[in-house]
There are 2 protein chains.
Amino acid sequence: MRAKKTSTADLTVLERLRSSGLRPTRQRLALAKLLFSQGDRHVTAEALFNEAKDNRVDVSLATVYNALHDFTEKDLLREISIDSSRSYFDTNVGDHYHFYFETSGRLMDIPAERIAIANLPEAPGGAEVARVDVIIRIKD
Amino acid sequence: MRAKKTSTADLTVLERLRSSGLRPTRQRLALAKLLFSQGDRHVTAEALFNEAKDNRVDVSLATVYNALHDFTEKDLLREISIDSSRSYFDTNVGDHYHFYFETSGRLMDIPAERIAIANLPEAPGGAEVARVDVIIRIKD
DNA sequence: CAAGCAGTTTAGAATCGATCTAATTTAAGA
DNA sequence: TCTTAAATTAGATCGATTCTAAACTGCTTG
């Protein structure tokens, strides 16, 4: 294979992987680049797999699942479950909520500041809150 | 088969089905009775199927799925998606939210009054809000 | 109250997203 | 360069759900 110059975008992504303790393999680098070089995104595993194919990134479906889970574990992604057959990975890992458009299946971020949640009951038994998910489902 | 007296509970359930426009078949009546005669419940299809078996209610798994979906469509149940492999049906169809206990997989209702959601942003394009789901995930 | 029929149930096959397996390849340190 | 643990892969498998097409049953009508 021909050597390829490392671009700036590659570097950023490479640093992100390294500082998360993930070995920057060819596949992870390529997938991370697709995920993190176009602003906030919501992708399914299947969609990312197809996007990779379209971009001549040769990865197996298993690797896409592995990478998505590895990234999620390292807080590079956040997983959003919409229904039993639809799971998205969100590149925005900050505090925020979602609109879900039922007919198009599209997801849209709602900044945390736009929703005020008050009186949040304490977890029974004083257990720790892992996360608060808010999904506003839109009939469209 | 021996004729059986129709109990009060059966009657209530029968009325519920009828007024929803669902034909009160033997299977639907039995499942509805299991679902609606013991307070608020959160069940999976599989769990209800097993519960039916334990109670000598002879129904197929397909029928359990059909009934759960029919009931959900008629607003007798509400479906809660926890993750891609876990979906619950909630007999409480009023306005409320949920605690989800990650290790036990248990779901607990939070009355709507216990959470104040302010500044709820309007749906883009003025579309109608179908529902607001709030799931507080507990690390336990 | 018999007949007809649309709606319902059923077993088992099929589907679908996701995960696993075991063999192969690769990144990275010695 | 060598070694090794980590990562990738194709394809098998899994588990939840849906589908299929045949049998059955509540309900209305004649």
Side-chain angles (χ1 to χ4, degrees), chain A residues 1 3-4 6 10 13-32 34 42-53 57-74 76-77 79-89 105, chain B residues 1 3-4 6 10-11 13-32 34 42-50 52-53 57-74 76-77 79-89 105:
Chain A
M1 215 210 298
K4 210 186 198 167
T6 308
D10 286 339
V13 153
L14 187 144
E15 283 155 14
R16 256 166 102 102
L17 292 186
R18 270 206 218 290
S19 60
S20 296
L22 291 172
R23 239 205 259 179
T25 62
R26 192 187 103 257
Q27 292 86 342
R28 281 181 180 156
L29 279 168
L31 293 173
L34 289 176
H42 304 98
V43 301
T44 62
E46 203 65 29
L48 182 59
F49 179 60
N50 288 325
E51 193 178 329
K53 276 201 293 207
V57 172
D58 194 12
V59 286
S60 70
L61 182 57
T63 297
V64 170
Y65 276 103
N66 288 339
L68 287 172
H69 289 145
D70 294 342
F71 293 178
T72 300
E73 223 155 81
K74 301 299 186 182
L76 264 34
L77 290 176
E79 191 171 359
I80 317 276
S81 174
I82 291 301
D83 63 49
S84 48
S85 66
R86 225 183 252 277
S87 185
Y88 288 95
F89 292 85
Chain B
M1 215 208 297
K4 210 186 200 166
T6 307
D10 287 338
L11 256 184
V13 153
L14 189 144
E15 281 154 15
R16 255 164 104 102
L17 293 185
R18 271 208 217 290
S19 61
S20 297
L22 292 171
R23 223 198 264 182
T25 62
R26 193 193 98 242
Q27 292 87 339
R28 282 181 180 155
L29 279 168
L31 293 173
L34 289 177
H42 303 100
V43 301
T44 62
E46 202 66 28
L48 182 58
F49 178 60
N50 288 324
K53 275 202 293 205
V57 171
D58 193 11
V59 286
S60 70
L61 183 55
T63 297
V64 171
Y65 276 103
N66 288 340
L68 287 173
H69 289 144
D70 294 342
F71 292 178
T72 300
E73 223 155 80
K74 301 299 187 184
L76 263 34
L77 290 175
E79 192 172 357
I80 317 276
S81 173
I82 291 300
D83 62 50
S84 48
S85 65
R86 223 184 254 279
S87 184
Y88 288 95
F89 292 85

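This one's a predicted model, so the numbers in the text were calculated from it and none came from an experiment. Reckoned from all heavy atoms, side chains included, excluding hydrogens, waters and symmetry mates. Order of the sequence lines fixes the chain letters, A, B, ..., with proteins taken first and strands second; residue numbering starts at 1 for each chain.
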With B/L77, the side chain to side chain contact (heavy atoms under 4.5 Å, CB included) member among B/T72, B/D70, B/V43: B/T72

Using the rule side chain to side chain contact (heavy atoms under 4.5 Å, CB included), only one of B/L31, B/D58, B/V57 pairs with B/R26; which is it? B/D58

For a quick check of understanding: with a heavy-atom distance under 4.0 Å over all strands, which category does B/L61 fall into, base, sugar-phosphate or nothing? base

Would B/D83 and B/S81 count as having a side-chain donor-acceptor pair, cut-off 3.5 Å? no

5' precedence on DNA chain D between A/A67 and B/T25 (nearest-nucleotide basis): A/A67

Select from B/P24 and A/D70 the residue whose nearest nucleotide in DNA chain D is closer to the 5' end of that strand.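 By nearest-heavy-atom nucleotide position, the 5'-most residue is A/D70.
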
Which pairs would a plain distance check flag for residues 18-25 of chain B, meaning a side-chain donor or acceptor within less than 3.5 Å of a matching protein atom at least two apart in sequence or in another chain?
{"unit_1": "B/S19", "atom_1": "OG", "unit_2": "B/E15", "atom_2": "O", "d": "2.9"}
{"unit_1": "B/S19", "atom_1": "OG", "unit_2": "B/R16", "atom_2": "O", "d": "3.3"}
{"unit_1": "B/S20", "atom_1": "OG", "unit_2": "B/R16", "atom_2": "O", "d": "2.9"}
{"unit_1": "B/T25", "atom_1": "OG1", "unit_2": "B/R28", "atom_2": "N", "d": "3.2"}

Closest approach of [X] and [Y], non-hydrogen atoms and distance?
X: A/V59; Y: A/F49; value: O-CE1, 3.3 Å
X: A/L34; Y: A/A52; value: CD1-CA, 3.9 Å
X: B/E79; Y: B/S87; value: OE2-OG, 2.8 Å

Do B/L17 and B/F71 have side-chain heavy atoms sitting under 4.5 Å apart? yes

Start and end of chain B contact along DNA chain C [non-hydrogen atoms, under 4.0 Å]: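 Reading along DNA chain C, I get C/dA6 to C/dA11.
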
Side chain to side chain contact (heavy atoms under 4.5 Å, CB included) involving B/A45 - partner list, sequence neighbours excluded: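 If we apply the side chain to side chain contact (heavy atoms under 4.5 Å, CB included) test to B/A45, skipping adjacent residues, the hits are B/V64, B/Y65, B/L68.
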
Could you pull out all residues at least two apart from B/N50 that satisfy side chain to side chain contact (heavy atoms under 4.5 Å, CB included)?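 Per chain and number, B/N50 pairs via side chain to side chain contact (heavy atoms under 4.5 Å, CB included) with B/E46, B/K53.
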
Under a criterion of less than 4.0 angstrom to any heavy atom of chain B, what are the 5'-terminal and 3'-terminal contacting nucleotides of DNA chain D? D/dA16 to D/dC27

Please give me every residue in residues 80-89 of chain A whose heavy atoms get under 4.0 Å of an atom in DNA chain D, ordered by residue number.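 Heavy-atom cutoff 4.0 Å gives no residues at all.
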
